[in-house]
Amino acid sequence: MSDSTPAANTYSMDELVSLCKRRGFIYPASEIYGGLNGFWDYGPLGTALKNNLRDRWWRDMVKRPPIGPDGEEVSIVGLDSSIIQNPKVWEASGHVGGFNDPMVDCRETKSRYRADHLMCLGLKGQTEGGQIYAFLENDDDSLAAARKKLEKYVKRDLADEEVDVCPLTALSPDELAITVAPDTKVVGSLTEPRQFNLMFKTFVGAVQDEDSAAYLRPETAQGIFLNFGNVVDTMRVKMPFGIAQVGKAFRNEVTPRNFIFRSREFEQMEIEWFCHESEAEQWFEFWCDVRAKWWQSIGLTSDNILMRKHESDELAHYAKEGCGTFDVEYRFPFTAPGFGELEGVAHRGNYDLSRHQEFAGKKLAYFDQPRNERYIPHVIEPSAGLSRGTLALLCEAYTPDPERASKVFMKFHPSIAPIQAAVFPLVAKDGMPEIAAKLFGELRDRWDVVMDVKQSIGKRYARMDEAGCPFCFTIDGDTASDQAVTVRHRDTQAQERVALDQVAAFMAQHVG
RNA sequence: GCGGGCGUAGCUCAAUUGGUAGAGCGUCAGCCUUCCAAGCUGAAUGUUGAGGGUUCGAGUCCCUUCGCCCGCUCCA
């Protein structure tokens with residue numbers, strides 16, 4: 001998350017969460033049992049919204065992929081790999097090593113540290129009877145403070161040769177017991193390092209022993225790398241090309257927060273774009289541009305979208321030196337005035353395929369006929385959050401309006417709105433419901449449409465405002481004679497008259 | 001995992017020093033209604049997050065637990 005100009009959003013997340021529950025977008029998971037931290041269920045409208053976002057992505061990336069720099073459509077094929085994979089996958093990917101951070105807590109200061117980020121200072125060759133002072137790695141002030149405490153303890157200045165520095169993780173439990181934590185003066189306030197396993201562990205088969213242990217995938221990407229060879233062998237693809245996948249991933253987040261922004265079960269929409277190393281930088285720029293524009297095309301305004309280059313110290317373990325990662329970030333109400341990550345476009349180099357080649361002992365090189373060269377492709381990865389994208393759409397759509405009956409309406413882009421049109425007979429008599437039913441039948445095959453004949457027209461309009469339905473078609477007393485209906489526009493509340501036989505054309509024009 | 005705050009109807013919230021849990025909105029039904037939650041009538045919905053304790057009596061006090069929010073920590 002990063003800072004920027006003041007927030008445009010003037011509502012609180014509580015209001016949005018409340019509307020999501022009230023209107024069937026998102027419910028707390030297993031709510032009747034008191035919920036479960038970090039999990040959420042999508043209601044009927046939330047499901048429709050999320051599916052629309054997913055389908056739009058699939059259509060724009062796989063079925064009708066973007067035009068590449070050479071003016072031709074790029075080539076992307078789809079995939080749906082399993083959630084549980086051979087446990088060795090996660091050793092090769094670096095998740096077993098890099099995704100398990102040993103943590104220590106300080107009982108005195110209530111601080112938590114990554115154990116591998118703490119270093120220890122002590123007298124060389126002395127452990128018994130002495131004291132050890134922990135300090136933060138790469139922090140000169142912390143180091144100086146630790147040394148000062150050590151010198152005070154031994155009551156003299158120390159030469160550099162006399163002191164010994166080692167990682168906290170190298171300490172024995174006895175040594176840890178005589179260690180003084182940063183910002184404290186007493187010994188033994190640090191807990192033993194504890195593993196924070198961010199991957200969900202499970203067991204394959206009915207017998208639960210370590211041999212059957214497996215993990216739910218923490219990202220969908222690895223399933224693509226595992227099938228790289230299969231796709232090359234079976235799909236007549238040629239470099240450069242992409243493999244796309246949408247699916248669930250699971251992470252045991254330390255702190256699930258901010259509604260569905262950081263949940264433990266979430267969905268990703270990922271493309272792994274394979275190319276020759278010499279073209280990787282060009283494709284990286286290409287995908288950053290394509291993906292930023294795509295988010296804007298579904299209704300996220302440029303004001304709330306930000307492209308941000310990662311600082312070098314926050315690069316992922318797979319990120320290629322010097323090329324880095326770009327984030328597409330969105331200004332959520334809970335991050336404002338800052339931004340939160342929506343999608344990361346990463347240059348993964350050939351890290352993953354090389355690792356799998358090494359760990360699996362299977363050749364994953366590609367023979368490039370035009371180049372007459374065999375190589376392990378480099379990978380550009382536009383990795384988008386489907387759950388986060390859905391949340392961004394909800395946040396972007398939420399529009400308070402004290403003037404209208406609902407006090408708020410959801411301004412979804414018509415193409416991804418969970419309900420794209422509503423058909424209403426103005427009153428439930430005089431043949432109006434019959435005309436409405438006929439129109440409803442014509443529209444529903446192609447769009448998400450509802451029909452409602454109950455209650456006053458104002459109430460139905462207001463209900464559609466909260467659901468974010470962009471257009472309501474109302475059959476009135478004149479329809480039978482003039483063959484026209486009223487279109488009511490959600491955003492402006494304006495009304496216009498449209499010929500009955502032009503409603504589908506109207507929808508095609510305004511919704512797509 | 002730590003600290004702080006919170007948890008009452010679908011939603012937003014009331015409920016005196018501990019004394020029978022209510023309102024508005026929403027939902028549903030009926031009447032009505034020819035363009036914005038109209039009006040009238042009626043209805044449903046709560047072990048007050050869960051469990052235990054103190055008390056004649058607990059939404060209210062105490063303990064435990066679960067969940068949510070904020071801050072730390074973390075986010076390959």
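Quantities reported herein were computed from a predicted structural model and do not represent experimental measurements. Per chain, numbering begins at 1; letters A, B, ... match sequence-line order.
A salt bridge links A:Arg348 with A:Glu219: the closest approach of a Lys/Arg side-chain nitrogen to an acidic carboxylate oxygen falls below 4.0 angstrom. Of the charged side-chain nitrogens involved, none lies within less than 4.0 Å of a carboxylate oxygen, so that A:Glu15 and A:Lys407 do not count as a salt-bridged pair.
Within the nucleic acid shown, A:Met432 comes within 4.0 Å of at least one base atom, counting heavy atoms only. Across all strands, A:Gly38 comes closer than 4.0 Å only to sugar-phosphate atoms, never to a base (heavy-atom distances). Contacts of A:Asp430 with the nucleic acid, taken as non-hydrogen atoms under 4.0 Å apart, include base atoms. Residue contacts for A:Arg488: at a heavy-atom cut-off of 4.0 Å it reaches a base atom on one of the strands shown. Heavy atoms of A:Phe473 sit nowhere under 4.0 angstrom from any nucleic acid atom. No engagement by A:Arg264 is indicated, since no non-hydrogen atom pair under 4.0 Å with the nucleic acid exists.
Atom P of B:rU20 sits at a distance of 30 Å from the matching atom of B:rG26, rounded to the whole Å. The separation of B:rU65 from B:rG71, taken at their C1' atoms, amounts to 23 Å, rounded to a whole angstrom. Nucleotides B:rC61 and B:rU17 have their C1' atoms positioned 12 Å apart, rounded to a whole Å. Taking atom P on both B:rC63 and B:rU54, the two are 15 Å apart, rounded to the nearest angstrom. Taking atom P on both nucleotides, B:rC70 is separated from B:rG53 by 35 Å, rounded to a whole Å. B:rC6 sits 14 Å from B:rU48 when the C1' atoms are compared, rounded to a whole Å. Distance noted for atom C1' between B:rC62 and B:rU73: 31 Å (whole Å).
Not one side-chain nitrogen or oxygen of A:Asn258 sits closer than 4.0 Å to the OP1 or OP2 atom of B:rC68. Between A:Asn37 and the phosphate of B:rC68, there is a side-chain N or O to OP1/OP2 separation shorter than 4.0 Å. Between A:Gln455 and B:rC28 there is a side-chain polar atom (N or O) within less than 4.0 angstrom of OP1 or OP2. Residue A:Lys407 places none of its side-chain N or O atoms closer than 4.0 Å to OP1 or OP2 of B:rU12. In this structure, A:Lys459 does not reach the B:rC35 phosphate: none of its side-chain N or O atoms is under 4.0 Å from OP1 or OP2. At the phosphate of B:rC11, OP1 or OP2 sits under 4.0 Å from a side-chain N or O atom of A:Lys21. Taking only side-chain nitrogens and oxygens, A:Arg257 never comes nearer than 4.0 Å to OP1 or OP2 of B:rC68.
In this pair, A:Phe471 and A:Phe506 present their aromatic rings perpendicular. The plane angle is above 60°, beyond the 30 to 60° band.
Which of B:rA29, B:rU27, B:rG67 sits closest to the side chain of A:Lys454 comes down to B:rA29. In the set B:rC36, B:rU33, B:rA37, B:rU33 carries the atom at the smallest distance from any side-chain atom of A:Lys429. If you check B:rC35, B:rC36, B:rC11 against the side chain of A:Leu426, the one that comes closest is B:rC35. Of the listed nucleotides (B:rC36, B:rC11, B:rU34), B:rC11 has the atom at the smallest distance from the side chain of A:Ser18.
Here B:rC6 sits opposite B:rG67 as a Watson-Crick or G-U wobble pair (both hydrogen-bonding atom distances under 3.5 Å). In this structure, B:rC74 forms no base pair with any nucleotide, since neither Watson-Crick nor G-U wobble geometry is met with both distances under 3.5 Å. With a cut-off of 3.5 Å on both pairing distances, the Watson-Crick or G-U wobble partner of B:rC56 is B:rG19. Pair check for B:rU41 finds B:rA29; Watson-Crick or G-U wobble, both atom distances under 3.5 Å.
Checking A:Trp40 against A:Ser406, the closest nucleotide of RNA chain B that is more toward the 5' end is the one next to A:Ser406.
Annotation: cation-pi pair A:Arg388/A:Phe261 present, NZ/CZ under 6.0 Å from the ring centroid and within 45° of its normal. Seen from the ring of A:Tyr42, A:Lys50 counts as a face-on cation partner, given the 6.0 Å and 45° thresholds. The cationic group of A:Arg490 does not satisfy the cation-pi geometry with A:Phe409, failing either the under 6.0 Å distance to the six-membered ring centre or the 45° limit from the ring axis.
Between A:Arg404 atom CZ and B:rC36 atom P the separation is 14 Å, expressed in whole Å. As rounded to whole Å, 10 Å separates atom C1' of B:rC25 from atom CD of A:Glu466.
The base of B:rC36 lies outside donor-acceptor range of the side chain of A:Arg460, with no N or O pair under 3.5 Å.
Of all the heavy atoms in A:Arg497 and A:Asp476, the pair that sits closest is NH1-OD2, 2.8 Å.
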